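Accompanying notes for the structure given below.
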Amino acid sequence: MKMKERLFILSQYLTPHHLLSRLIGCAAECRAPWFKNRLITWFAKQYQVDMSEAQVEEPTAYEHFNAFFTRALKDGARPLDNQPGAVLCPADGAVSQLGRIEHGRIFQAKGHSYSVTELLGGDSDRAAPFMGGDFATVYLSPKDYHRVHMPLAGTLREMIYVPGRLFSVNQTTAENVPELFARNERVVCVFDTERGPMAVVLVGAMIVASIETVWAGLITPPKRELKTVRYDEAARAPISLEKGAELGRFKLGSTAIVLFGPAQVQWAAELGANSPVRMGQLLGN
């Protein structure tokens, strides 16, 4: 590692992750025009955000930065692949890694992997159906559309909030922070689908103010402790979402991880590490 990278990784361990993220979260909700307009205009220019796709194209028309960041797109901006059996990409961004879950572990980057059991909240029974299955990790960059959608139609079985750190998520941290995605704060959503259980994991990161789902709203428990909510018929009315429907969103972005059980999906041959992707395109069959 270069000295600059070493210092960056060291700063990741020393920074008060949650305090910094909550402070930035407050700023991102500021409605004062003099502040939010400057912040949004700077961000859109700095990261070359394509506003022509947005339902509201004028950046300063949004009530605050978070509204701009989680902006809706125009109808048809993300056409869904209609091949029979298609598994859709859940988000805009780039493939970080994808492949087989081997020996209960998911490949992270360059000599690093992490436990699927820990990723899903530490419950071995919950993780068991995914052993020997397949995973795809999609990283959302600052310029991307930051809503996450359903790869397949499914009925929500349970949602698990898993407390953790908020390390930055990028190539440098993936290569140098062991078990990065199983250490960061995350929301695990487990669905029953035509291809068996499917997990979609929304992973937080440094300055990610919050994660939302369409059925529960803002996921920021007052206490950072493991919390499981079941959505089976015995617990509450079932929640079913169609393929391509919005699942949740990041207020400042991070990573979405999709898991399937053994022999249920074959990832598209043209995709590999660092492949750019858009929500709705073919991720696998």
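Just so you know, these numbers use all the heavy atoms, side chains as well, and skip hydrogens, waters and symmetry mates. Note that the coordinates shown come from a computational prediction; the quantities given were computed from them, not determined experimentally.
- Looking only at atom types and distance, the side chain of Gln266 has no donor-acceptor partner in the side chain of Asn285 under 3.5 Å away.
- The closest side-chain heavy-atom distance from Leu119 to Leu259 is below 4.5 Å.
- Distance CG/Leu180 to OG1/Thr137: 10.5 Å, rounded to 0.5 Å.
- Between Phe130 and Pro197, the shortest heavy-atom distance links the atoms CE2-O, 3.5 Å.
- Considering only heavy atoms from C-beta on, Tyr145 comes within 4.5 Å of Arg147 through its side chain.
- The structure places CG of Leu241 at 9.5 Å from SG of Cys189, a figure rounded to the nearest 0.5 Å.
- No side-chain donor-acceptor contact under 3.5 Å links Lys36 to the backbone of Asn66.
- The salt bridge (charged side-chain N to carboxylate O under 4.0 Å, His left out) test applied to Glu194 returns no partner, not counting sequence neighbours.
- Put simply, the side chain of Phe181 does not reach to within 4.5 Å of the side chain of Val201, judged on heavy atoms.
- For Lys143, there are no salt bridge (charged side-chain N to carboxylate O under 4.0 Å, His left out) partners, not counting sequence neighbours.
- Between Leu88 and Met150 there is no side-chain heavy-atom pair separated by less than 4.5 Å.
- From Asp192, atom CG reaches atom CG of Leu152 across 12.0 Å, with rounding to the nearest 0.5 Å.
- At least one side-chain heavy atom of Arg78 sits less than 4.5 Å from a side-chain heavy atom of Asp92.
- Side-chain contact check for Thr70 versus Glu212: every heavy-atom pair is 4.5 Å or farther apart.
- Taking both residues in full, the closest heavy atoms of Lys74 and Ala54 are given as CE-O, 3.1 Å, listed atom of the first, atom of the second, then distance.
- Side-chain contact between Thr60 and Ile40 is absent, with no heavy atoms from C-beta onward closer than 4.5 Å.
- Ion pair Glu53/Arg71 not flagged as a salt bridge, since none of the NZ, NE, NH1 or NH2 atoms sits closer than 4.0 Å to an Asp/Glu carboxylate oxygen.
- The two atoms that bring Val138 and Cys89 nearest to each other are CG2-SG, 4.3 Å, heavy atoms only.
- Closest non-hydrogen pair, Gly93 versus Asp144, comes out as CA-OD2, 3.3 Å.
- Salt bridge status for Arg105 with Glu179: present, with a side-chain N to carboxylate O gap under 4.0 Å.
- Side chains of Trp267 and Val95 form no contact here, defined as non-hydrogen atoms less than 4.5 Å apart.
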